[in-house]
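Bear in mind that the values here come from a model prediction, so they are computed numbers and not experimental data.
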Amino acid sequence: MSLLWFGRIYITKHFPFFGAYESSITILFSTGIVSIYFYIKKKLPSFFLYPFLSLGFLFHSSFYSTNIWAMTISEKSIVVYMHIIFAYLSFALNFLNFSFSISKIIKEELKISLLEIILNFYIFYTIMLVLGFFYRFLLFGKIISFDPIETIHLSIFLIYTTLIHISYFKKWREEKIAKYQIFCFLIFVIAYRIILLFPPEATYHIIDIELRMHIIPK
């Protein structure tokens with residue numbers, strides 16, 4: 001995966017996040033880096049589901065164009081890069097939430113609290129949303145207009161906010177948190193990939209850019 005990612009950087013001369021293919025390899029690269037950290041530093045089994053994630057994302061992205069596209073001026077913004085980096089790191093942390101939740105359900109002992117990992121993800125996800133709202137303000141003068149992708153991610157943010165608060169104050173057992181986390185992660189994955197199904201006129205978040213066009217949202 002590292003060879004694919006660095007190879008794409010060498011070919012495109014920019015951080016790979018355009019299109020389904022680039023977003024897939026960057027998500028997988030980021031997830032791999034985060035998994036290595038938890039495996040080495042925390043001694044946690046963070047890789048056992050990674051091959052399945054890789055196969056799924058690479059298979060899914062194979063249906064989309066792998067062409068190289070030039071970035072617009074606005075897409076070269078440091079705010080965009082930070083927004084995207086935190087989005088990928090959020091995915092990586094949430095994938096670990098999912099992996100550790102599976103471990104909890106099969107009664108495997110972990111040296112870390114599941115709620116702690118969820119909170120780590122929640123912080124990165126919040127930063128990602130804030131950067132996205134800030135960039136949107138720079139582009140269009142509004143923080144949010146309930147673009148379909150914005151609405152989906154805001155809904156997920158509220159779902160996780162509810163999960164964290166209830167599980168903490170109700171002192172849920174980790175096995176119960178794990179079951180809800182698995183469900184939340186599946187919604188989370190859909191949110192990251194459903195963007196590919198929206199036509200250009202539906203949202204300014206364009207990932208399948210074969211027919212990309214930039215619009216001003218209403």
Exercise. In Å, rounded to the nearest 0.5 Å, how long is the span from CD1 of Ile164 to CG of Leu119?
Worked result: 5.0 Å
Seminar exercise, completed: The reported gap from CD1 in Ile166 to NZ in Lys171 (rounded to nearest 0.5 angstrom) is 14.5 Å
Exercise. In chain order, what residues pass the side-chain hydrogen bond (donor to acceptor under 3.5 Å, both in side chains) check against Tyr88, with sequence neighbours excluded?
Worked result: none
For this session: Answer yes if Leu114 and Ile159 sit in the same cluster of Ile, Leu, Val, Met, Phe, Trp and Tyr residues linked by side chain heavy atoms under 4.5 Å apart, and no otherwise.
Result: no
Seminar exercise, completed: Thr161 meets the side-chain hydrogen bond (donor to acceptor under 3.5 Å, both in side chains) criterion, sequence neighbours left out, with Tyr122
Seminar exercise, completed: Applying ring pair (Phe, Tyr, Trp, His ring centres under 6.0 Å) to Phe59 and not counting sequence neighbours gives Phe63
Enumerate donor-acceptor pairs with a distance under 3.5 Å from any side-chain N or O in residues 93-106 to protein atoms, sequence neighbours excluded.
from: Asn94; atom 1: OD1; to: Asn97; atom 2: ND2; distance (Å): 3.1
from: Asn94; atom 1: OD1; to: Tyr160; atom 2: OH; distance (Å): 3.1
from: Asn94; atom 1: OD1; to: Gln181; atom 2: NE2; distance (Å): 2.8
from: Asn94; atom 1: ND2; to: Tyr160; atom 2: OH; distance (Å): 3.0
from: Asn97; atom 1: OD1; to: Ile118; atom 2: N; distance (Å): 3.4
from: Ser99; atom 1: OG; to: Phe95; atom 2: O; distance (Å): 3.1
from: Ser101; atom 1: OG; to: Asn97; atom 2: O; distance (Å): 2.6
from: Ser103; atom 1: OG; to: Ser99; atom 2: O; distance (Å): 3.3
from: Lys104; atom 1: NZ; to: Glu174; atom 2: OE1; distance (Å): 2.6

Side chains of residues 31-41: which donor-acceptor partners sit under 3.5 Å, not counting sequence neighbours?
from: Thr31; atom 1: OG1; to: Ile27; atom 2: O; distance (Å): 2.7
from: Ser35; atom 1: OG; to: Thr31; atom 2: O; distance (Å): 2.7

For this session: Would you confirm whether His83, through its side chain, and Leu131, through its main-chain N or O, come within 3.5 Å as a donor-acceptor pair?
Result: no
For this session: Could you tell me which residues satisfy side chain to side chain contact (heavy atoms under 4.5 Å, CB included) with Ile123, sequence neighbours excluded, listed by chain and number?
Result: Ile127
Exercise. Could you give all pairs that pass the salt bridge (charged side-chain N to carboxylate O under 4.0 Å, His left out) test and reach residues 46-62, with sequence neighbours left out?
Worked result: none
Problem set entry | Shared hydrophobic cluster for Ile152 and Val130 (ILVMFWY, side-chain gaps under 4.5 Å) | no
Problem set entry | Polar side-chain atom of Thr26 near backbone of Ser23 as donor-acceptor pair, under 3.5 Å | no
Exercise. Can you get from Leu154 to Ile187 by hopping between Ile, Leu, Val, Met, Phe, Trp and Tyr side chains that sit under 4.5 Å apart?
Worked result: yes
Exercise. With Tyr168, which residues qualify under ring pair (Phe, Tyr, Trp, His ring centres under 6.0 Å), at least two apart?
Worked result: none
Exercise. Taking the six-membered ring of Trp172 as reference, does the NZ or CZ atom of Lys170 fall below 6.0 Å from its centre and within a 45° cone about the axis?
Worked result: no
Problem set entry | Non-neighbouring partners of Phe48 that pass ring pair (Phe, Tyr, Trp, His ring centres under 6.0 Å), sequence neighbours left out | none
For this session: State yes or no: are the ring centers of Phe185 and Phe121 separated by less than 6.0 Å?
Result: no
Exercise. Angle class for the Phe157/Tyr125 ring planes (parallel below 30°, perpendicular above 60°, tilted otherwise)?
Worked result: tilted
Seminar exercise, completed: Applying side chain to side chain contact (heavy atoms under 4.5 Å, CB included) to Phe133 and not counting sequence neighbours gives Leu129, Ile143, Ile144
For this session: Carefully, step by step, assess Leu55 and Tyr50 under the rule side-chain contact (heavy atoms from CB on, under 4.5 Å).
Result: CA-CA 9 Å; Leu55 288 173; Tyr50 184 75; over 6 Å; no
Exercise. Can you name the side chain to side chain contact (heavy atoms under 4.5 Å, CB included) partners of Ser155, sequence neighbours left out?
Worked result: Thr151
Exercise. For the residue pair Phe124 and Phe86, does the interplanar ring angle fall in the parallel (under 30°), tilted (30 to 60°) or perpendicular (over 60°) class?
Worked result: tilted
Problem set entry | Phe183/Phe188 aromatic ring centres below 6.0 Å | no
Problem set entry | Side chain to side chain, Phe91 and Val189, heavy atoms closer than 4.5 Å | yes
Exercise. Met128 and Leu158: same hydrophobic cluster, using ILVMFWY side-chain contacts below 4.5 Å?
Worked result: yes
Exercise. Rounded to the nearest 0.5 Å, how far does CD1 of Ile177 lie from OG of Ser167?
Worked result: 4.0 Å
